[in-house]
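Input: a single structure, listed below in structure tokens.
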Amino acid sequence: MNRICRSLFLAAAVAFTVPACAANVSETIVAARNHQGDAAFANGNYADAALAYKLALQLAPQDQHARTGLATVQLRIAAQLYQTSKFDDALAALSLAAKYDPTSVRLEALRSEIEAARIKREIVVSNYPTYRESGISIRHAYTQLKIPAAEIANEIQRFEYTYDAAHLTKATKGSI
């Protein structure tokens with residue numbers, strides 16, 4: 001009887017210890033992934049930061065640090081994609097960010113800005129089908145001037161992703 005009691009006691013101890021141990025391992029891994037995400041984000045490596053936060057969320061879907069980190073990284077990625085006129089990719093990044101931070105005002109502001117730029121792009125392209133080639137050659141010509149032309153080239157570049165005529169007007173006025 002003593003042997004049976006001891007075996008039952010050991011089995012019960014193992015049954016209660018294993019889940020507690022597994023929880024500690026999961027918490028340690030989530031903390032390590034969050035730290036990796038924070039370090040990558042601080043270094044401007046947004047792809048690695050996003051991956052680290054996603055891995056943390058696979059183990060702990062409700063981890064607030066990983067959720068906030070991933071939403072912030074995706075917002076930065078979306079801003080970078082927007083500045084290179086990759087509107088669909090930027091909106092996809094914002095959709096992922098919205099999954100983890102659905103009430104973000106910054107996210108909605110960027111989404112609105114991208115949608116407005118997409119509409120403006122369609123208008124510009126339909127009215128001026130050769131703008132893209134002309135804009136590239138104009139920007140190239142201004143970058144050759146170097147003096148105040150950097151500001152003019154920046155305004156032309158901003159126009160290429162915002163399609164806001166104010167940028168093109170400012171560039172044109174600056175060139176006179």
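Since the model is a prediction, treat every value here as computed from it, not as a measurement. Residues take their numbers from the sequence shown, with the count starting at 1.
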From CA spacing to verdict: side chain to side chain contact (heavy atoms under 4.5 Å, CB included), Y161, T84: CA-CA 7 Å; Y161 67 86; T84 58; over 6 Å; no
Heavy-atom closest contact ([X] atom, [Y] atom, distance):
X: A98; Y: L107; value: N-CD1, 3.5 Å
X: N24; Y: T28; value: O-OG1, 2.8 Å
X: A93; Y: A78; value: CB-CB, 3.9 Å
X: S26; Y: L59; value: O-CD1, 4.3 Å

Indicate yes or no for a side-chain donor-acceptor contact from [X] to the backbone of [Y] under 3.5 Å, with no hydrogens or angles considered.
X: N43; Y: A39; answer: yes
X: S104; Y: D101; answer: no
X: S85; Y: E160; answer: yes
X: D164; Y: H167; answer: no

Report the residues that fulfil side-chain contact (heavy atoms from CB on, under 4.5 Å) with [X], sequence neighbours left out, ordered by chain and then residue number.
X: D63; result: V30, N34, A60, H65, A66
X: I119; result: I123
X: A79; result: L110

side-chain hydrogen bond (donor to acceptor under 3.5 Å, both in side chains) partners of [X], counting only residues at least two apart:
X: T68; result: Q64
X: R121; result: none
X: E113; result: Y82
X: Q36; result: R33

For Y163, all residues meeting ring pair (Phe, Tyr, Trp, His ring centres under 6.0 Å), sequence neighbours excluded: F159
Atom pair [atom1]/[atom2] of [X] and [Y] - distance to nearest 0.5 Å:
X: K54; Y: L70; atom1: NZ; atom2: CG; result: 6.5 Å
X: I156; Y: L168; atom1: CD1; atom2: CG; result: 7.0 Å
X: L75; Y: Y46; atom1: CG; atom2: OH; result: 10.0 Å
X: L94; Y: R106; atom1: CG; atom2: CZ; result: 11.0 Å
X: L57; Y: K99; atom1: CG; atom2: NZ; result: 8.5 Å

Residue pair L96 / Y100, side-chain heavy-atom distance below 4.5 Å: yes
Under 4.5 Å side-chain linkage, directly or through intermediates, the cluster mates of L55: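 Direct or chained contacts put L55 with L51.
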Full working for side chain to side chain contact (heavy atoms under 4.5 Å, CB included) between Q62 and R67: CA-CA 7 Å; Q62 298 306 316; R67 293 173 71 84; 4.2 Å; yes
By salt bridge (charged side-chain N to carboxylate O under 4.0 Å, His left out) - contacts of R158 (at least two apart): E155
Counterpart residues, salt bridge (charged side-chain N to carboxylate O under 4.0 Å, His left out), relative to E108 (two or more places apart):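 E108: salt bridge (charged side-chain N to carboxylate O under 4.0 Å, His left out) contacts with R111.
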Modelled atom types, side-chain donor and acceptor of D38 and Y53, under 3.5 Å: yes
Connected via hydrophobic side-chain network under 4.5 Å: F87 and I77: no
Sequence neighbours excluded, every pair satisfying salt bridge (Lys or Arg N to Asp or Glu O under 4.0 Å) that has a member inside residues 71-96: D88-R118
